[in-house]
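Okay, so here's the structure we're looking at.
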Amino acid sequence: MDLRQLAEEYGKSAERLAEGLERIREQLAWARGEEARDLERREEVMRLELMDLRSLSRYLREYYA
């Protein structure tokens, strides 16, 4: 696997994570109490991971440019 293929895999992972993050945000709109706090923590972790995946994918795509 070369860096371009790896970049594509990271990009696909980012897309799946973004979809999961959207589901968390939808649940969070209706959650209350402990459930809301748990979802907020999950949202924050997923948001940071999404930023990392997108950044890494972009870096690998542009490595040879």
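Below, all heavy atoms of this structure are taken into account, side chains as well, without hydrogens, waters or symmetry copies.
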Residue pairs fulfilling salt bridge (charged side-chain N to carboxylate O under 4.0 Å, His left out) with at least one residue in residues 44-65, sequence neighbours excluded:
Glu44-Arg47

Under 4.5 Å between side-chain heavy atoms, counting indirect links through other Ile/Leu/Val/Met/Phe/Trp/Tyr residues: same cluster for Leu39 and Val45 or not?
no

Say whether Tyr59 and Leu48 are linked into one hydrophobic cluster, either directly or through other cluster members, by side-chain heavy-atom distances under 4.5 angstrom.
no

For the student: nearest non-hydrogen atoms of Ala36 and Leu28, plus distance
O-CD1, 3.5 Å

Residues 12-25, side-chain donor-acceptor partners within the protein, below 3.5 Å, at least two apart:
from, atom 1, to, atom 2, distance (Å)
Lys12, NZ, Glu8, OE2, 3.3
Ser13, OG, Glu9, O, 3.2
Ser13, OG, Arg16, NH2, 3.2
Arg25, NE, Glu43, OE2, 2.9

Tell me, please, which residues at least two apart from Arg41 pass side-chain contact (heavy atoms from CB on, under 4.5 Å).
Glu34, Arg37, Asp38

Looking at CE of Met46 and CG of Leu53, how far apart are the two atoms once the value is rounded to the nearest 0.5 Å?
10.5 Å

For the atom pair OG (Ser57) and CG (Leu3), what is the distance rounded to the nearest 0.5 Å?
11.5 Å

